[in-house]
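Start at 1 and go down the list; that is how both ligands and their atoms are numbered. FYI, the numbering just counts along the sequence from 1.
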Amino acid sequence: MACHGSKTAWVPRIAQGIDVLIEHALHGFKAMPAKGACGNCSDAEIKAAVDYMVTTDK
Ligand code: HEM
């Protein structure tokens, strides 16, 4: 959740499918930096972060 805000704002994004979100998180998307600008994060860590973002409401 250090990455992004509430799940509510994510409904349209989640509609694209988790695979698209992971792809965008890994490689960047518009103003979203590749891997959230975390140069030493592994692909698995980024995938875990996206999973967390779409499944956790806060
Ligand atoms: C590990 C940390 C992060 C993860 C896992 C992450 C993941 C994501 C994902 C999955 C999306 C949605 C892409 C889509 O709609 O297809 C997104 C969008 C975005 N992210 Fe991140 N993010 C992270 C960190 C950051 C940081 C640090 C910034 C800013 C410096 C940032 C800026 C943005 C912006 C501006 C968007 C919206 C792009 C748009 O729709 O135009 N993210 N992020």
Side-chain angles (χ1 to χ4, degrees):
M1 275 302 143
C3 291
H4 287 282
S6 70
K7 187 179 172 188
T8 322
W10 278 73
V11 171
R13 297 191 187 283
I14 294 165
Q16 304 178 102
I18 182 95
D19 292 342
V20 174
L21 297 181
I22 290 168
E23 182 68 20
H24 287 169
L26 286 175
H27 302 294
F29 176 68
K30 297 187 200 169
M32 167 68 203
K35 289 190 173 182
C38 177
N40 61 352
C41 288
S42 68
D43 286 7
E45 285 171 326
I46 297 296
K47 283 179 194 168
V50 176
D51 276 336
Y52 182 82
M53 285 154 62
V54 302
T55 55
T56 307
D57 211 340
K58 190 177 167 190

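- Under the 4.5 Å side-chain contact rule for hydrophobic residues, V50 and I14 share a cluster.
- Of all the heavy atoms of M32, the ones lying under 4.0 Å from any atom of ligand 1 are found in both the backbone and the side chain.
- Note that CG of D43 is 10.0 Å distant from CD1 of I22, once rounded to the nearest 0.5 Å.
- Note: D51 CG to I46 CD1 = 11.5 Å, rounded to the nearest 0.5 Å.
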Candidate pair H24 and K30, rule side chain to side chain contact (heavy atoms under 4.5 Å, CB included), full reasoning: CA-CA 9 Å; H24 287 169; K30 297 187 200 169; over 6 Å; no
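- Note that CD of E45 is 7.5 Å distant from CG of N40, once rounded to the nearest 0.5 Å.
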Worked verdict on H27 versus M32 for side chain to side chain contact (heavy atoms under 4.5 Å, CB included): CA-CA 9 Å; H27 302 294; M32 167 68 203; over 6 Å; no
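- Listed by atom number, the atoms of ligand 1 under 4.0 Å from M53 heavy atoms are 5 (C), 6 (C), 7 (C), 8 (C).
- Under 4.0 angstrom from ligand 1, the non-hydrogen atoms of W10 all belong to its side chain.
- The contact set between ligand 1 and R13, taken as ligand atoms under 4.0 Å from a residue heavy atom, comprises 12 (C), 14 (C), 15 (O), 37 (C), 40 (O).
- In this structure, CZ in R13 is found 7.0 Å from CZ in F29, a value given to the nearest 0.5 Å.
- When distances from atom 21 (Fe) of ligand 1 to the N, O or S atoms of H4 are compared, NE2 comes out shortest.
- Here is the list of ligand 1 atoms found below 4.0 Å of a heavy atom in H24: 13 (C), 14 (C), 16 (O).
- Only side-chain heavy atoms of P33 come within less than 4.0 Å of ligand 1; its backbone N, CA, C and O stay farther off.
- Every atom of ligand 1 with a heavy atom of A49 under 4.0 Å away is listed here by number and element: 5 (C).
- Contact atoms of ligand 1 toward Q16: 14 (C), 15 (O), 16 (O) (distance under 4.0 Å to a heavy atom of the residue).
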